[in-house]
**Student:** 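Quick one: structure below, then a few questions.
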Amino acid sequence: MTGAPLILEVRDLVKHVPVGGGLLRRGTGQVRTVDRVNLELRRGETLGLVGESGCGKSSLARLLTAVDRPSSGEIRLMGERLDALRGSRLRAARRHIRLVFQDPFASLDPRMTVEAIVREPYLIHRDAAPRGEHRRLVRELLELVGLNPDHAGRYPHQFSGGQRQRIAIARALALRPEILVCDEPVSALDVSVQAQIVNLFTSLQRELGIAYVFIAHDLSVVEHIADRVAVMYLGRIVEEGTAEEVYDRPRHPYTDALLSAVPDPVPDPSRTSARVVLHGDVPSPLDPPAGCRFHTRCPHAAPECATREPPLRAPDTPAVAHAAACHFPLHTAP
């Protein structure tokens, strides 16, 4: 994917969310759900974004698709400042980047037929297709995602969870976007159905050349679909590299702990000692630790980690190519 054109650039992205003090208190605070995030995505590429629940993945997804606006930083979509657009120009730009939600039942209107759900983007973006073509296009989209076009008159409750997610994907593809931001798109599904949906994403990418930001907390799912992986902790990216680099030679202790917790269907007795157990709770995002945010749980923490925040940087040696935000990264030599 190195030679493919860059279609999404994120620079120093920050999102502050005010937190109220409740009905009887006036005190407020702010949570940095996304804190100085930098990312890039190329045409036809899949970027996997992983991390524990509450780390800011969904907040980032909403920023990338302009559902929410950043507090600061830049989002460039195909060279244009998405975060600076308003009105009709923003609506036109959002055709190129669409969001697939985690829960397909919650994201589909139960009062609308499947045909009406998939057709809805054409009603919002009226120049996308002539009205007389809507029915044909809807049937083609349903067939594209593996559904029977003759079932377009049914309602969401008449479909299984996996089928409902296919309906949501068909709706997201209606405007032929360059990018799909998939926010935990398989976590609400059975394991067997998860594999089917992941295979569908792969075949759609091969056929349409679409790029994905694929968000998940399940690293085993991301491993099967991602070209590159970014690991998020308390609003920050702490490691980024190709899927092979991150999975085979994790540099950040947090990534190492996540990978060690992935169940192995064929356990290797010789690797049981490699399990990394993290102690302590995830710090409050209202009051993150000084220095490295992971140092309160890190088995390799040193005094420096509590006072100086490490930047996300690639190593000086060519032996390891990918970046990690750690003062004492793992696997620094072959």
Side-chain angles (χ1 to χ4, degrees), residues 9-19 28-40 47-64 68 70-75 83 213 215 217 219 228-242 245-246 249-260 276-317 319-333:
E9 297 176 83
V10 175
R11 293 286 176 262
D12 295 322
L13 198 64
V14 174
K15 178 62 177 179
H16 292 159
V17 177
V19 179
T28 60
Q30 286 188 332
V31 176
R32 282 197 175 194
T33 56
V34 176
D35 190 9
R36 291 167 288 164
V37 165
N38 294 277
L39 291 173
E40 293 183 348
L47 172 66
L49 184 64
V50 301
E52 293 170 290
S53 297
C55 71
K57 304 187 301 295
S58 293
S59 295
L60 180 57
R62 293 172 66 87
L63 294 175
L64 295 180
D68 292 335
S71 302
S72 63
E74 296 183 4
I75 304 171
D83 57 285
V213 177
I215 297 171
H217 63 266
L219 275 76
R228 289 188 301 113
V229 175
V231 182
M232 201 168 186
Y233 184 79
L234 279 182
R236 299 214 66 192
I237 302 298
V238 297
E239 183 161 1
E240 183 185 358
T242 67
E245 289 169 341
V246 172
R249 298 175 64 80
R251 301 187 68 231
H252 198 282
Y254 176 60
T255 309
D256 193 40
L258 289 179
L259 291 173
S260 76
V276 179
V277 179
L278 298 180
H279 299 284
D281 297 326
V282 179
S284 169
L286 264 173
D287 186 25
C292 173
R293 296 186 177 189
F294 185 61
H295 84 266
T296 57
R297 305 171 71 198
C298 181
H300 308 288
E304 180 183 2
C305 303
T307 58
R308 190 165 65 89
E309 186 172 20
L312 181 66
R313 63 175 184 268
D316 297 327
T317 169
V320 181
H322 70 285
C326 183
H327 292 304
F328 307 101
L330 310 174
H331 298 123
T332 55

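Index from 1, following the sequence.
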**Student:** What's the shortest heavy-atom distance between A325 and L312, and which atoms?
**Tutor:** N-CD1, 3.6 Å
**Student:** Output the distance between atom CG (L13) and atom CG (L39), rounded to the nearest 0.5 Å.
**Tutor:**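 Answer rounded to 0.5 Å: 8.5 Å.
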**Student:** If you look at every heavy atom in P250 and L330, which pair is closest and at what distance?
**Tutor:** O-CB, 3.6 Å
**Student:** Could you tell me which residues satisfy side chain to side chain donor-acceptor pair (under 3.5 Å) with S71, sequence neighbours excluded, listed by chain and number?
**Tutor:**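 Checked S71 against side chain to side chain donor-acceptor pair (under 3.5 Å); zero matches.
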**Student:** Taking salt bridge (charged side-chain N to carboxylate O under 4.0 Å, His left out) as the definition, give me every residue that meets it alongside D12, ordered by chain and number, with sequence neighbours left out.
**Tutor:** none
**Student:** Hey, mind stepping through R308 and H327 against side chain to side chain contact (heavy atoms under 4.5 Å, CB included) and telling me if it holds?
**Tutor:** CA-CA 9 Å; R308 190 165 65 89; H327 292 304; 3.3 Å; yes
**Student:** Decide yes or no for L219 and L259: does some side-chain heavy atom of the first lie under 4.5 Å from some side-chain heavy atom of the second?
**Tutor:**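 L219 reaches L259 side chain to side chain.
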**Student:** For I75 and L63, work out which heavy atoms get closest and say how close.
**Tutor:**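 Smallest interatomic distance, heavy atoms only, reads CD1-O, 3.3 Å.
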**Student:** Got a second to check how far D68's CG is from L60's CG, nearest 0.5 Å?
**Tutor:**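 These two atoms lie 11.0 Å from each other.
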**Student:** The criterion is side chain to side chain contact (heavy atoms under 4.5 Å, CB included); which residues satisfy it with A302, sequence neighbours excluded?
**Tutor:** C305, F328
**Student:** Among residues at least two apart in sequence or on other chains, which ones pass side chain to side chain donor-acceptor pair (under 3.5 Å) with T255?
**Tutor:** E239
**Student:** Are any of the side-chain heavy atoms of P283 and P289 separated by less than 4.5 Å?
**Tutor:**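 Yes; the side chains approach each other to less than 4.5 Å.
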**Student:** Should I237 and L49 be marked as a side chain to side chain contact (heavy atoms under 4.5 Å, CB included) after you check the CA-CA gap, both sets of side-chain angles, and the distance that decides it?
**Tutor:** CA-CA 9 Å; I237 302 298; L49 184 64; 3.8 Å; yes
**Student:** Holding to side chain to side chain donor-acceptor pair (under 3.5 Å), I want the full list of residues that pass it with T296, two or more places apart in sequence or in another chain.
**Tutor:** none
**Student:** Would you mind reporting whether N38 and V10 have side-chain heavy atoms less than 4.5 Å apart?
**Tutor:**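 V10 vs N38: side chains apart.
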**Student:** Report yes if the side chains of C326 and P253 come closer than 4.5 Å at any heavy-atom pair, otherwise no.
**Tutor:** yes
**Student:** Please assess V34 against V14 for the test side chain to side chain contact (heavy atoms under 4.5 Å, CB included), listing each intermediate value before the final yes or no.
**Tutor:** CA-CA 5 Å; V34 176; V14 174; over 6 Å; no
**Student:** Can you tell me if R251 and H322 form a side-chain donor-acceptor pair at under 3.5 Å?
**Tutor:** no
**Student:** According to salt bridge (charged side-chain N to carboxylate O under 4.0 Å, His left out), who are the partners of E40, at least two apart in sequence or on a separate chain?
**Tutor:**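 So E40 forms a salt bridge (charged side-chain N to carboxylate O under 4.0 Å, His left out) with R11.
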**Student:** For P285, enumerate each residue passing the side chain to side chain contact (heavy atoms under 4.5 Å, CB included) test, keeping only those at least two apart in sequence or located in another chain.
**Tutor:**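 Scan of P285 (side chain to side chain contact (heavy atoms under 4.5 Å, CB included), adjacent residues dropped) gives V31, L234.
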**Student:** Begin with the C-alpha distance, continue with both residues' side-chain angles, and end with the deciding distance and a verdict on side chain to side chain contact (heavy atoms under 4.5 Å, CB included) for M232 and V37.
**Tutor:** CA-CA 9 Å; M232 201 168 186; V37 165; 4.2 Å; yes
**Student:** What residues form a side chain to side chain contact (heavy atoms under 4.5 Å, CB included) with P311, not counting sequence neighbours?
**Tutor:** R313
**Student:** Quick one: closest heavy-atom pair of P70 and D83, and the distance?
**Tutor:**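 Residues P70 and D83, closest heavy atoms: CG-CB, 3.8 Å.
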**Student:** If you take all heavy atoms of G241 and E245, which pair is closest and at what distance?
**Tutor:** CA-OE1, 3.6 Å
**Student:** Mind checking side chain to side chain donor-acceptor pair (under 3.5 Å) for E240 and listing every partner two or more places apart, or none if nothing turns up?
**Tutor:** R228
**Student:** Checking the side chain of K57 only, and the main-chain atoms of E52 only, is there a donor and an acceptor separated by less than 3.5 Å?
**Tutor:**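 Indeed, once roles are kept as given, a pair shorter than 3.5 Å links the two residues.
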**Student:** With sequence neighbours left out, what residues match E309 under salt bridge (charged side-chain N to carboxylate O under 4.0 Å, His left out)?
**Tutor:**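 If we apply the salt bridge (charged side-chain N to carboxylate O under 4.0 Å, His left out) test to E309, skipping adjacent residues, the hits are R36, R236.
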**Student:** What pairs with H252 under ring-ring contact (aromatic ring centres under 6.0 Å, His included), at least two apart in sequence or on another chain?
**Tutor:** F294
**Student:** How many angstroms lie between atom SG of C298 and atom OH of Y233, to the nearest 0.5 angstrom?
**Tutor:** 9.5 Å
**Student:** If the condition is salt bridge (charged side-chain N to carboxylate O under 4.0 Å, His left out), which residues does R32 pass it with, not counting sequence neighbours?
**Tutor:** D35
